[in-house]
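Data block below; observations after.
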Amino acid sequence: MKKYIIHAPHKCGSTIVSKILKSVFDLPRIKVGEDIVVNNDSGLMKLRFERLINPANPAKLVGVNFANDNFIFIPRNPIGITISMFYSFGYTHKCPAGFTQEQFESKRQKIQKEGLANYINRVTPINSKKIEKFWNLPATNKVILPYEFMIGNFSEFLKELLQTLDMASVYDKTYEKWKYSFAPIEDKSDLIEAGKLKSHKRTTDIYEWKKKLSNEEQSKLLSEFPFIQQYDDFLNKLL
C-alpha cells in the first residue's frame with residue numbers, strides 16, 4: 001500500500017491544505033502526524049499530514065521511510081514566512097495556550113517595537129535553515145509544491161497535488177469548492193499595523209518581500225543565505 005506524507009510547515013498554508021485534504025478524502029478531521037488509510041482512484045493508500053517537524057533532525061521522522069514513501073513538500077520563501085509571522089505574532093494572533101494575556105501582550109508589543117525590518121533580520125536565518133533542511137530531505141519520491149504556487153496558480157497547484165495523490169477524479173468539484181479561497185487580496189498590512197483590522201488573510205502578493213525590503217536589505221539577506229536565492233530561482237522557473 002502506497003504511503004503519502006504531506007508536509008506543510010507553519011506559515012506555509014498548512015491550515016488551508018489540511019482543509020482541502022479533508023475535502024478530497026471526505027474526512028471528518030486530519031490529525032497531524034497520524035497515518036490514515038483512505039481510498040484514492042487506484043484503491044487504498046496511507047495518508048499522513050505533517051505540520052510541525054523538528055528542524056534539528058527532520059530526517060528522523062518516526063514511521064516514515066524516505067526510500068519508499070511518497071513525500072509532498074509545501075515550502076515557502078523564508079522571508080515570506082518571517083513577514084507573515086511578524087504580522088501574526090505582532091498584531092493578529094490570539095493569545096495561545098500557556099501564555100497569560102499580559103505575557104502575550106508584552107511579547108506582541110516587543111515585536112511591534114522591533115519593527116518589520118529588524119524582525120526579518122533576526123528571524124529569517126532561523127526560517128531559512130529550517131526550510132533548507134526540509135528541502136534537502138533524502139526522500140527518493142519527493143514532489144515540491146510551493147506555497148507561492150498554491151496562492152499564485154491554485155488550479156495548477158491542485159492538479160499536481162491530486163495527480164500525485166492519484167485523485168485526479170475529484171479535481172473539478174474540489175476546485176469549484178476552494179477556488180474562491182484564493183481570490184486576490186490587496187495588501188492589508190498598513191490597516192493591521194494601524195489597529196484597524198485583524199485578519200489572517202493579509203495579502204496574496206507572493207513577492208511582497210521585494211516591496212517591503214530595500215534593494216540593499218534584499219541583497220544582504222540573499223548574500224548571507226544563498227538558499228533563499230535558490231528558492232526564488234526555483235519559483236521563477238515554476239510560475
Note to self: Looking at Lys110, I'd like to know if its NZ atom is crowded, meaning that more than 12 non-hydrogen atoms belonging to other residues, nucleotides or ligands lie closer than 6.0 Å.
What the structure shows: no
Notebook entry, point to check: Are any non-hydrogen side-chain atoms of Trp209 and Gln218 less than 4.5 angstrom apart?
Noted result: yes
Margin query: If we ignore hydrogens and angles and just use 3.5 Å, is the side chain of Glu50 paired with the main-chain N or O of Ile6 as donor and acceptor?
Written below: no
Margin query: Let me confirm one number: the CD-OG distance from Gln230 to Ser128, rounded to the nearest 0.5 Å.
Written below: 9.5 Å
Margin query: Less than 4.5 Å apart, side chain to side chain, heavy atoms only: is that true for Tyr4 and Met45?
Written below: yes
Margin query: Could you report the tightest heavy-atom contact between Ile144 and Pro146, atom names first, then the distance?
Written below: O-CD, 3.6 Å
Notebook entry, point to check: Mind checking whether Phe71 and Phe73 have parallel, tilted or perpendicular rings, split at 30° and 60°?
Noted result: tilted
Notebook entry, point to check: Ion pair present between Lys188 and Glu193, side-chain N to carboxylate O less than 4.0 angstrom?
Noted result: no
Check: Checking side-chain contact (heavy atoms from CB on, under 4.5 Å) for the pair Ile20/Phe25: CA distance, chi angles, key distance, verdict?
Finding: CA-CA 9 Å; Ile20 291 171; Phe25 293 104; over 6 Å; no
Notebook entry, point to check: Is Leu27 reachable from Leu162 through a run of hydrophobic residues whose side-chain heavy atoms are each under 4.5 Å from the next?
Noted result: yes
Checklist line | Contact check, side chains of Ser84 and Arg76, non-hydrogen atoms, under 4.5 Å | finding: yes
Margin query: Is there a salt bridge (Lys or Arg N to Asp or Glu O under 4.0 Å) between Lys159 and Glu156? Walk through the geometry before answering.
Written below: CA-CA 5 Å; Lys159 282 179 183 177; Glu156 290 303 313; 3.4 Å; yes
Next item on the list: Answer whether the closest heavy-atom distance between the side chains of Phe182 and Ile16 falls below 4.5 Å.
Entry: yes
Note to self: Check for me, please, whether Leu197 and Leu116 land in the same ILVMFWY cluster - side-chain distances under 4.5 Å, paths through other members count.
What the structure shows: yes
Checklist line | Criterion salt bridge (Lys or Arg N to Asp or Glu O under 4.0 Å) on Glu217 and Lys210, from CA distance to verdict | finding: CA-CA 9 Å; Glu217 290 169 331; Lys210 296 185 178 182; over 6 Å; no
Margin query: Main chain of Asp232, side chain of Asn77: is a donor-acceptor contact present, judged purely on distance under 3.5 Å?
Written below: no
Margin query: Same cluster or not: Ile126 versus Ile120, using hydrophobic residues (I, L, V, M, F, W, Y) connected whenever any side-chain heavy atoms lie under 4.5 Å apart?
Written below: no
Margin query: Any non-hydrogen side-chain atom of Ile5 less than 4.5 Å from a side-chain atom of Val64?
Written below: yes
Check: Is any side-chain heavy atom of Leu47 less than 4.5 Å from a side-chain heavy atom of Asp35?
Finding: no
Check: Would Asp69 and Asn141 satisfy side-chain contact (heavy atoms from CB on, under 4.5 Å), going step by step from the backbone distance to the final call?
Finding: CA-CA 7 Å; Asp69 294 340; Asn141 306 306; over 6 Å; no
Check: Does the pair Arg48/Glu34 count as a salt bridge with the N-to-O cut at 4.0 Å?
Finding: no
Item checked: Side-chain donor/acceptor of Asn153 to backbone N/O of Phe149, under 3.5 Å -> no
Note to self: Tell me the closest heavy-atom pair linking Pro75 and Ile131, and the distance in Å.
What the structure shows: CB-CG2, 4.0 Å
Next item on the list: Return the minimal non-hydrogen interatomic distance between Met85 and Val123, and the atom names on each side.
Entry: CE-CG1, 4.0 Å
Notebook entry, point to check: Lys11 and Thr82: side-chain donor and acceptor closer than 3.5 Å?
Noted result: no
Checklist line | Closest approach of Ser14 to Phe49 (non-hydrogen atoms, all atoms of both residues) | finding: O-CZ, 3.4 Å
Notebook entry, point to check: Is a salt bridge present between Asp187 and Lys212, judged by a nitrogen-to-oxygen distance below 4.0 Å?
Noted result: yes
Notebook entry, point to check: Have Arg202 and Ser189 got a donor and an acceptor in their side chains that come within less than 3.5 Å?
Noted result: yes
Notebook entry, point to check: Are any non-hydrogen side-chain atoms of Pro78 and Phe227 less than 4.5 angstrom apart?
Noted result: yes
Item checked: Nearest heavy-atom neighbours spanning Ala183 and Thr204 -> O-CG2, 3.7 Å
Notebook entry, point to check: Is the count of non-hydrogen atoms from other residues, nucleotides or ligands lying under 6.0 Å from Lys22 atom NZ greater than 12?
Noted result: yes
Next item on the list: Kindly give the cluster partners of Phe99, where membership spreads through any ILVMFWY side chain lying under 4.5 Å from a current member.
Entry: Phe104
Item checked: Spatial distance of atom NZ (Lys107) from atom CD (Glu102) [nearest 0.5 Å] -> 15.5 Å
Item checked: Residues Lys142, Phe66; criterion side-chain contact (heavy atoms from CB on, under 4.5 Å); working and verdict -> CA-CA 9 Å; Lys142 180 170 65 174; Phe66 284 97; over 6 Å; no
Check: When you measure from the side chain of Asn70 to the backbone N and O of Thr164, does any donor-acceptor pair fall under 3.5 Å?
Finding: no
Next item on the list: State plainly whether one hydrophobic cluster holds both Leu239 and Phe234, where clusters connect Ile, Leu, Val, Met, Phe, Trp and Tyr through side-chain heavy atoms under 4.5 angstrom apart.
Entry: yes
Check: Taking all non-hydrogen atoms of both residues, which atom of Cys95 and which atom of Thr100 are closest, and how far apart?
Finding: SG-O, 3.7 Å
Notebook entry, point to check: In Å, rounded to the nearest 0.5 Å, how long is the span from CD1 of Ile228 to CG of Asn127?
Noted result: 9.0 Å
Margin query: I'd like to know if the side chain of Asn118 and the backbone of Glu114 have a donor-acceptor N/O pair within less than 3.5 Å.
Written below: yes
Item checked: Reported CG-to-NZ distance for the pair Leu158 and Lys177, which is rounded to 0.5 angstrom -> 12.5 Å
Checklist line | Heavy atoms of other groups near Lys179 NZ, more than 12 under 6.0 Å | finding: yes
Next item on the list: Walk me through it: do Glu224 and Lys220 pass the test salt bridge (Lys or Arg N to Asp or Glu O under 4.0 Å)?
Entry: CA-CA 6 Å; Glu224 292 179 358; Lys220 181 175 180 293; 3.0 Å; yes
Notebook entry, point to check: For Lys3, does the NZ atom sit with more than 12 other heavy atoms under 6.0 Å from it, leaving out its own atoms?
Noted result: yes
Checklist line | Side-chain donor-acceptor contact under 3.5 Å, Thr174 with Asp172 | finding: no
Note to self: Using the rule that Ile, Leu, Val, Met, Phe, Trp and Tyr join whenever any side-chain heavy atoms are under 4.5 Å apart, tell me whether Ile206 and Ile185 fall into a single cluster.
What the structure shows: no
Check: With a 3.5 Å cut-off and no angle check, do the side chains of Glu148 and Tyr231 form a donor-acceptor pair?
Finding: yes
Item checked: Atom CG of Asp26: over 12 foreign heavy atoms under 6.0 Å -> no
Margin query: Looking only at the aromatic ring of each residue, does the gap between the centers of Trp178 and Phe157 stay below 6.0 angstrom?
Written below: no
Notebook entry, point to check: Can you check side-chain contact (heavy atoms from CB on, under 4.5 Å) on Leu44 and Val38, steps first, answer last?
Noted result: CA-CA 6 Å; Leu44 292 176; Val38 295; over 6 Å; no
